[in-house]
Amino acid sequence: ASEGQWVLMATGRSPTNIAVIKYWGKRDEALILPVNDSISVTLDPGHLSATTTVAVSPSFPSDRMWLNGKEISLSGGRFQSCLREIRKRACEFEDEKKGIKIKKEDWEKLHVHIASYNNFPTAAGLASSAAGFACLVFTLGKLMNVKEDYGELSSIARQGSGSACRSLYGGFVKWCMGKKDDGSDSLAVQLADETHWNDLVIIIAVVSSKQKETSSTSGMRDTVETSPLLQYRAQTVVPSRVLKMEEAIKNQDFESFAKLTCADSNQFHAVCLDTSPPIFYMNDTSHRIISLVEKWNQSEGTPQVAYTFDAGPNAVLIARNRKTAAVLLQKLLYYFPPQDKDLSSYLVGDKSIL
Ligand code: 2P0
């Protein structure tokens, strides 16, 4: 800023979330309204998170944004929706000591600078957009003195990226698809906070950190247009699965939780395969990890580990406790010894301390 002019800043951090009942398919592309409810676990912000600093100053001539140090365009409709919705709700701000007073109507005229960093591979199926947009909306809201609750903020973050709405809360979160055409009831609710079910340990096996070939946005558009299985999934399977998953989470019933999580991941990938042309997010290594877990679970008589895969080949493995997680890690390192750049890192942790 030039001399005599002020800069007001806010910094926030948001973790990513992992869906155990998947979001795949929109009924409204512009507002990002899904065809079914989804449920996720928010990770601890330690590892897979976005950190965003937003600043306003009368000396900024335009809105600008940098992602991982590189300037990116803010012209996309999704950024513009989030900025517009937050600006609309901005409230008066005053810091008498520093002599700053921003009236409600002033926020419309002030431009923002945004700098965001991800501490994990962008667009490798590790839900970078979820953490990114959740963090952007939350931090802009703080900067602009927005008074709305997290539910309302989640419906703004949803307009940046669907899965982002679930990262506004910690713990276990449900994105309610909503019924209204304007999207005002399509928002996240917390099912249980981050202290609930602390035995669980999440291990992410990074099979590949390459950028995925089919983006989630275009992949789910193709699925909606071409997959007959999607309608069955959204209307018949997911509604009852969501109820069962809520029960499993409430009761810390790992057997149900694991069965539902694995089944839902597999059905999401089946729906991808049912798309024309088919979408393949998992690779041979992903399939081998599924076999390992399935055989292990079968031999124990009750599930020890749940697996779930998003729009990429990386495995998210949820172990019932720390002891099981240690055995899982041993098995992974034995069967998949890190050899090259693509198969070199395992991120270890649990849902509260990743
Ligand atoms: C999920 N995924 O529920 C599902 C499972 C990937 C597989 O949400 O178009 O990046 O920005 O709303 O949120 C990825 O989709 O897509 C996603 P947009 P998003 O986590």
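Numbering of ligands and ligand atoms starts at 1, following listing order. Note that the structure is predicted; figures quoted are calculated from it, not measured.
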* In terms of atom number and element, which parts of ligand 1 are under 4.0 angstrom from non-hydrogen atoms of Phe268? -> 7 (C)
* Begin from the C-alpha positions of Ser215 and Thr217 and carry the test side-chain hydrogen bond (donor to acceptor under 3.5 Å, both in side chains) through to its verdict. => CA-CA 5 Å; Ser215 78; Thr217 306; 4.6 Å; no
* Asked: In terms of atom number and element, which parts of ligand 1 are under 4.0 angstrom from non-hydrogen atoms of Arg78?
  -> 9 (O), 11 (O), 18 (P)
* Is a salt bridge present between Arg233 and Asp274, judged by a nitrogen-to-oxygen distance below 4.0 Å? -> no
* Numbered atoms of ligand 1 (with element) below 4.0 Å of Lys26, judged on heavy atoms -> 9 (O), 12 (O), 18 (P)
* Asked: Judged by non-hydrogen atoms, does Met220 sit under 4.0 Å from ligand 1?
  -> yes
* Asked: Is a side-chain donor or acceptor of Arg78 paired with a backbone partner of Ser161 at a separation under 3.5 angstrom?
  -> no
* Kindly assign one of parallel, tilted or perpendicular to the pair Tyr281 and His269, based on the angle between their ring planes and the thresholds 30° and 60°. => perpendicular
* Determine whether any heavy atom of Ser38 lies closer than 4.0 Å to an atom of ligand 1. => no
* **Per-atom contacts, ligand 1 versus Ala19 - under 4.0 Å to a heavy atom** => 1 (C), 3 (O), 20 (O)
* To do: For Ser129, counting its heavy atoms only, list the atoms of ligand 1 lying under 4.0 Å from any of them.
  => 10 (O)
* Asked: Which ligand 1 atoms does Ser163 reach within 4.0 Å, using its non-hydrogen atoms?
  -> 8 (O), 10 (O), 13 (O), 19 (P)
* Under a 4.0 Å N-O cut-off, is there an ion pair linking Glu255 with Lys259? -> yes
* Atoms of ligand 1 less than 4.0 Å from Thr217 heavy atoms? -> 9 (O), 11 (O), 18 (P)
* Within the structure, does Gly162 bring an N/O atom to less than 3.5 angstrom of an N/O atom in ligand 1? -> yes
* Asked: Short N/O distance, under 3.5 Å, between Tyr23 and ligand 1?
  -> yes
* Asked: Counting both backbone and side chain atoms, is some N or O of Asp310 under 3.5 Å from an N or O of ligand 1?
  -> no
* **Geometric class of the Phe254/Trp197 ring pair [parallel <30°, tilted 30-60°, perpendicular >60°]** => perpendicular
* Structure fact -> Within 4.0 Å of some non-hydrogen atom of Arg166, the atoms of ligand 1 are 1 (C), 3 (O), 20 (O)
* Structure fact -> Rounded to the nearest 0.5 angstrom, the CZ-OH distance for Arg288 and Tyr335 is 10.0 Å
* Asked: Can Glu246 and Lys250 be counted as an ion pair, charged N to O under 4.0 angstrom?
  -> no
* For Asp264 and Lys22, work out which heavy atoms get closest and say how close. => OD2-N, 2.6 Å
* Can you tell which part of Ile32 has a heavy atom less than 4.0 Å from ligand 1: side chain, backbone, both or neither? -> side chain
